[in-house]
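Beneath this line is the structure, given in structure tokens, with notes to follow.
Note that this is a predicted model, so its numbers are computed, not measured.
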Amino acid sequence: MAAVEVHKFAQCITCHAWSRDRSMLAFCPNNNEVHIYALLQGKWEKLHVLQKHDQIVSGIDWSARSNKIVTASHDRNSYVWNLEGSEWVPTLVILRLNRAALCVKWSPRENKFAVGSGAKTVCICYYEQENNWWVSKLIRKRHDSSVTSVAWHPNNILLATASTDGKCRIFSTFIKVVDAKESRTGPSADSKFGEQILQLDLSFTWSFGVRWSPSGNTLAYVGHNSMIYFVDDVGPSPLAQNVAFRDLPLRDVLFLSERLVIGVGFDCNPMVFAADERGIWSFIKFLGERKTTSSGPKYGSQFSEAFGKLYGQPKQGFNNDTNEHSRSRGGVHENCINCIVPLGDPGSSKVKRFSTSGLDGKIVVWDMENQVDLAEYL
């Protein structure tokens, strides 16, 4: 089995992030706090509780180089936390939002971070040396609904967003005082801040997690219609394909390599997608073992019995044997997986380990080393 560590830290976890050496873990237990745990003598112990937000913390990201933590919350604020001695010191970032902040991500060079919000706006924040504070520039009037996910291209300029208006968009985030001119390559070469490079209208439902491949040549995002979308050659003439599956929708996605993707969501079990030699993507398997729970006659009411019989029917034809009514459920996780984080060196072309967290309060570490059937894709 690919799950090598399972930790139950809370009743529910909204999001999580790791320090670079994976010795410390930060997560939100579905409230306005961020808990930081450290691995001491083989046990996870709570070291810090970050308390500045007034409402649920919806996004956390931990920078690998500068060791800074950025948080975003439904209270419309964002904080950058810096470790000074033994205490985490917060710096408020004025986002100028009138709706909740929903997600946050550091850029690859960690000189900017992006915040998606329910105000149909994306905030690009950077540090202003002259005034010693974090400022934000807004990408407005581009989205028709909440921005649920953001993803940085490896060039530190392009930013992909997913929105509940069903669209995935790519913007230029070039800021003259922060970015070097030589970093502007490809579609963003002559673009200004906030300029929309591409809009993808592949989904007719809410769009959630979005992610770039390690090289930045492929973009993947997921829809609430149980589909995942892959886009190659992002630019004036992109090549797009979608993969539909029978199971519940996904919430987030992660590239392990150029040809291997993990999707997580409402099915409580990571799903593996891979591309063949021709670049055609397809669903491969569930990563975890699927539990089988019986249902039907053991429940008291007639409604529950009928409900169990309904789920007990095979996909082809009907089965009148009421003694074996069962259906597949998630494996390690017992509720929706809402966050997936790579483990290892940032910018690496291959990811061998990653972690997931969900509404069941678990954080699970997955290892792909022993997945022999997937070795050709890694």
Item to check | Which atom of D54 lies closest to which atom of D75, heavy atoms considered | outcome: N-OD2, 2.9 Å
Checklist entry - So does K120 have more than 12 non-hydrogen atoms from other groups sitting under 6.0 Å from NZ? => result no
Next on the checklist: Under the side-chain hydrogen bond (donor to acceptor under 3.5 Å, both in side chains) definition, can you give me all pairs with a residue in residues 135-151, not counting sequence neighbours?
Outcome noted: H143-T161, S145-T164
Checklist entry - Between R211 and D252, is the closest basic N to carboxylate O distance under 4.0 Å? => result yes
Checklist entry - Roughly how far apart are L200 CG and L202 CG, rounded to 0.5 Å? => result 5.0 Å
Next on the checklist: Restricting to non-hydrogen atoms, name the atom on F255 and the atom on P214 that form the minimum distance, rounded to 0.1 Å.
Outcome noted: CB-CD, 4.0 Å
Checklist outcome for this item: Rounded to the nearest 0.5 Å, the CG atom of D267 sits from the CZ atom of R251 at a distance of 14.0 Å
Checklist entry - Rounded to the nearest 0.5 Å, how far apart are NZ of K285 and CG of N269? => result 10.5 Å
Next on the checklist: Evaluate N30 against Q11 for side chain to side chain contact (heavy atoms under 4.5 Å, CB included), listing each step before the verdict.
Outcome noted: CA-CA 8 Å; N30 199 37; Q11 291 298 315; over 6 Å; no
Checklist entry - Hey, does L374 have a side-chain heavy atom less than 4.5 Å from the side chain of V272? => result yes
Next on the checklist: Between F245 and F283, is the ring-ring contact (aromatic ring centres under 6.0 Å, His included) condition met? List the steps.
Outcome noted: CA-CA 8 Å; F245 45 91; F283 169 70; 7.1 Å; no
Next on the checklist: Hydrophobic cluster membership, with links at side-chain heavy-atom distances under 4.5 Å among I/L/V/M/F/W/Y: are Y37 and L343 in one?
Outcome noted: yes
Checklist entry - What's the verdict on side chain to side chain contact (heavy atoms under 4.5 Å, CB included) for M271 and V264, showing C-alpha distance, side-chain angles and the deciding distance? => result CA-CA 6 Å; M271 302 176 69; V264 296; over 6 Å; no
Next on the checklist: One pair to check against side-chain hydrogen bond (donor to acceptor under 3.5 Å, both in side chains): E258 and T218. What are the steps and the verdict?
Outcome noted: CA-CA 8 Å; E258 293 295 324; T218 304; 4.5 Å; no
Checklist entry - So, the side chain of E87 versus the backbone of E84: is there a donor-acceptor pair under 3.5 Å, distance only? => result no
Item to check | Verify same cluster id: V49, F9 (apolar side-chain graph, 4.5 Å) | outcome: no
Checklist entry - Hey, does the side chain of E110 reach the backbone of R65 with a donor-acceptor pair shorter than 3.5 angstrom? => result yes
Checklist entry - Any chain of hydrophobic side-chain contacts (each under 4.5 Å) joining F27 to I56? => result no
Item to check | Test salt bridge (Lys or Arg N to Asp or Glu O under 4.0 Å) applied to K52 and E33, step by step | outcome: CA-CA 7 Å; K52 269 295 182 179; E33 300 175 346; over 6 Å; no
Checklist entry - Side-chain contact, heavy-atom cut-off 4.5 Å: D233 with P238? => result no
Item to check | N/O donor-acceptor pair under 3.5 Å between S58 side chain and A101 backbone | outcome: yes
Next on the checklist: Going by the rule side-chain contact (heavy atoms from CB on, under 4.5 Å), which residues pair with E369 if we only count those two or more places apart in sequence or in a different chain?
Outcome noted: K352, D367
Next on the checklist: I'd like to check C123 versus L97 (side-chain heavy atoms, cut-off strictly below 4.5 Å). Are they in contact?
Outcome noted: yes
Checklist entry - Given side chains that start at C-beta, do those of C15 and C28 come closer than 4.5 Å, heavy atoms only? => result yes
Checklist entry - Can you name the nearest heavy-atom pair linking Q371 to A2, along with the distance? => result NE2-CB, 3.6 Å
Next on the checklist: Is there a side chain to side chain contact (heavy atoms under 4.5 Å, CB included) between L250 and F208? Walk through the geometry before answering.
Outcome noted: CA-CA 8 Å; L250 300 174; F208 289 110; over 6 Å; no
Next on the checklist: One pair to check against ring-ring contact (aromatic ring centres under 6.0 Å, His included): F230 and W281. What are the steps and the verdict?
Outcome noted: CA-CA 8 Å; F230 298 94; W281 290 88; 4.1 Å; yes
Checklist entry - Taking ILVMFWY side chains as joined if any heavy atoms are under 4.5 angstrom apart, and letting links pass through other members, which residues group with V135? => result V122, I124, Y126, W133, I139, V147, V150, W152, L159, F171, I175, V177, V178, F193
Item to check | Where S107 and N111 come nearest, the two heavy atoms and their spacing | outcome: OG-OD1, 3.2 Å
Next on the checklist: Are more than 12 heavy atoms, taken from residues, nucleotides or ligands other than R99, located less than 6.0 Å from that residue's CZ atom?
Outcome noted: no
Checklist entry - Are W134 and T91 close enough, and set up right, to give a side-chain hydrogen bond (donor to acceptor under 3.5 Å, both in side chains), and what steps lead you there? => result CA-CA 8 Å; W134 290 85; T91 301; 5.2 Å; no
Checklist entry - Is a side-chain donor or acceptor of Q241 paired with a backbone partner of G279 at a separation under 3.5 angstrom? => result yes
Checklist entry - Can you check whether L158's main-chain N or O pairs, donor with acceptor, with S172's side chain at less than 3.5 Å? => result no
Item to check | Path from L39 to L25 over hydrophobic side-chain contacts below 4.5 Å | outcome: yes
Next on the checklist: I need the S355 OG to I340 CD1 distance, nearest 0.5 Å.
Outcome noted: 8.0 Å
Next on the checklist: Any side-chain to backbone donor/acceptor pair from S257 onto Y377? Under 3.5 Å, distance only.
Outcome noted: yes
Checklist entry - Looking only at heavy atoms, what is the nearest atom pair of C103 and A72, with distance? => result O-CB, 4.4 Å
Next on the checklist: A side-chain contact here means heavy atoms from C-beta on lying under 4.5 Å apart; do N217 and W212 qualify?
Outcome noted: no
Checklist entry - Considering only heavy atoms from C-beta outward, does the side chain of K167 approach that of S203 to under 4.5 Å? => result no
Item to check | Where T71 and H53 come nearest, the two heavy atoms and their spacing | outcome: OG1-NE2, 2.8 Å
Checklist entry - Any side-chain heavy atom of M368 within less than 4.5 Å of one from F354? => result yes
Checklist entry - So, H224 side chain and T205 main chain: donor-acceptor pair closer than 3.5 Å or not? => result no
Checklist entry - Should I280 and I228 be counted in the same cluster of Ile, Leu, Val, Met, Phe, Trp and Tyr side chains packed under 4.5 Å apart? => result no
Checklist entry - Any sub-3.5 Å donor-acceptor pair from N82's side-chain atoms to V89's backbone N or O? => result no
Next on the checklist: Which residues end up grouped with F266 if you chain together Ile, Leu, Val, Met, Phe, Trp and Tyr wherever their side-chain heavy atoms are less than 4.5 Å apart?
Outcome noted: L248
Next on the checklist: Between D360 and K8 (salt bridge meaning N to carboxylate O under 4.0 Å), is one present in this structure?
Outcome noted: no
Item to check | Worked verdict on D247 versus F286 for side chain to side chain contact (heavy atoms under 4.5 Å, CB included) | outcome: CA-CA 11 Å; D247 301 278; F286 283 95; 3.4 Å; yes
Next on the checklist: Within the supplied structure, the quantity of interest is the number of heavy atoms (other residues, nucleotides, ligands) at a distance under 6.0 Å from W206 CH2; does it exceed 12?
Outcome noted: no
Item to check | N338 side chain to I13 backbone, donor-acceptor under 3.5 Å | outcome: yes
Checklist outcome for this item: Connected to L40, directly or through other members, by ILVMFWY side-chain contacts below 4.5 Å are M24, V34, I36, L47, L50, V57, I60, W62, I69, Y79, W81, L83, W88, L92, I94
Item to check | Spacing of OH belonging to Y221 relative to OH belonging to Y229, to within rounding of 0.5 Å | outcome: 6.0 Å
Checklist entry - Quick one: does I197's side chain get under 4.5 Å of S191's, heavy atoms only? => result yes
Next on the checklist: V351: which residues meet the side-chain contact (heavy atoms from CB on, under 4.5 Å) condition with it, sequence neighbours left out?
Outcome noted: L256, P342
Checklist entry - Where the side chain of S23 meets the backbone of D21, is there a donor-acceptor pair that is under 3.5 Å apart? => result no
